[in-house]
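Just so you know, residue 1 is the first one in the sequence shown, and it goes up from there. Below, all heavy atoms of this structure are taken into account, side chains as well, without hydrogens, waters or symmetry copies. Keep in mind the model is a prediction, meaning the values are calculated, not measured.
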Amino acid sequence: MPFFITAPGATDTLMVASGLFLLTALIGVGVLYFKLHALPEQMAHKGQKVQFELVAVLALLALFTHNHAFWIAGLLLALLPLPDFTTPLRTIASSLEAIASKPVQQAQGARDDAAGAELDHQPQQSAQHAVATEPSPGHGDQLRS
């Protein structure tokens with residue numbers, strides 16, 4: 001008799017071995033599937049926080065909707081580095097805070113100095129403006145003919 005035929009009342013070892021193999025294979029495929037879906041998140045973990053969060057959302061959408069376009073978009077986003085927009089904005093904000101925290105008297109003194117400088121230059125500008133707007137001699141003669 002072949003080895004896979006068991007006696008009545010005995011344990012079927014081939015069925016037990018096949019069951020354990022199927023259970024192990026099923027768990028292994030599931031682990032591989034979830035590791036593959038987490039691949040973009042692991043790649044984006046080294047980057048910026050915003051990039052990581054976007055990739056994580058795309059990976060979850062791909063997992064729950066079974067739409068591979070989300071997973072591919074997450075993978076591409078994880079591979080491409082995002083430019084750093086926050087550092088220049090933070091320096092601009094800190095500079096504006098520094099300007100805003102200056103005492104009011106210094107700011108008013110600077111405005112008074114700027115107004116005095118404008119008054120000094122104003123007569124020169126009006127004289128130049130008057131010279132530039134006067135018509136040249138003979139200009140009207142050409143229009144009449």
Side-chain angles (χ1 to χ4, degrees), residues 1-136 139-140 142-143:
M1 285 193 138
F3 74 95
F4 55 86
I5 296 178
T6 59
T11 304
D12 190 358
T13 55
L14 184 61
M15 187 183 79
V16 171
S18 297
L20 289 175
F21 174 76
L22 286 175
L23 186 65
T24 305
L26 182 69
I27 290 173
V29 168
V31 167
L32 179 69
Y33 179 76
F34 286 127
K35 280 197 179 272
L36 185 65
H37 264 281
L39 181 66
E41 290 179 66
Q42 291 172 358
M43 292 171 63
H45 193 64
K46 300 172 191 167
Q48 300 170 2
K49 182 181 177 187
V50 175
Q51 183 180 14
F52 175 71
E53 289 175 354
L54 285 173
V55 170
V57 167
L58 287 171
L60 282 175
L61 281 172
L63 183 66
F64 291 130
T65 62
H66 299 289
N67 190 351
H68 300 299
F70 291 126
W71 188 84
I72 292 170
L75 184 64
L76 290 176
L77 187 61
L79 288 173
L80 299 175
L82 290 179
D84 185 20
F85 292 115
T86 56
T87 302
L89 292 175
R90 284 185 186 140
T91 56
I92 291 170
S94 64
S95 298
L96 288 174
E97 286 177 359
I99 291 171
S101 66
K102 285 185 179 178
V104 177
Q105 293 175 350
Q106 285 181 354
Q108 286 177 349
R111 274 191 240 135
D112 293 341
D113 292 341
E118 283 181 22
L119 291 176
D120 292 341
H121 292 292
Q122 189 143 12
Q124 293 173 354
Q125 290 175 352
S126 62
Q128 289 173 354
H129 187 299
V131 170
T133 57
E134 287 181 10
S136 61
H139 182 66
Q142 292 173 355
L143 293 175

Residues Leu61, Asn67; criterion side chain to side chain contact (heavy atoms under 4.5 Å, CB included); working and verdict: CA-CA 8 Å; Leu61 281 172; Asn67 190 351; over 6 Å; no
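Distance check: Gln51 CD to Met43 CE gives 9.5 Å after rounding to the nearest 0.5 Å. Interatomic distance, CG of Leu60 versus NE2 of His37, reported as 10.0 Å (0.5 Å rounding). In this structure, Leu77 CG and Phe52 CZ are separated by 12.0 Å, a value rounded to the nearest 0.5 Å. To the nearest 0.5 angstrom, Ser94 atom OG is 9.5 Å from Ile99 atom CD1. Note: Leu58 CG to Glu41 CD = 10.0 Å, rounded to the nearest 0.5 Å.
Scanning both residues, Pro88 and Thr91, for their nearest heavy atoms gives O-OG1, 2.7 Å. Minimum heavy-atom separation, Tyr33 to Leu63: CE2-CD1, 3.8 Å. Contact record, Ser101 with Ala98: OG-O, 3.0 Å, taken as the closest heavy-atom pair. Ala78 approaches Pro40 most closely through the heavy-atom pair CB-O, 3.5 Å.
When atom types are taken as modelled, the side chain of Trp71 and the backbone of His66 share no donor-acceptor pair closer than 3.5 angstrom.
For Phe34, the CZ atom counts as loosely surrounded, since its 6.0 Å shell holds 12 or fewer non-hydrogen atoms of other residues, nucleotides or ligands.
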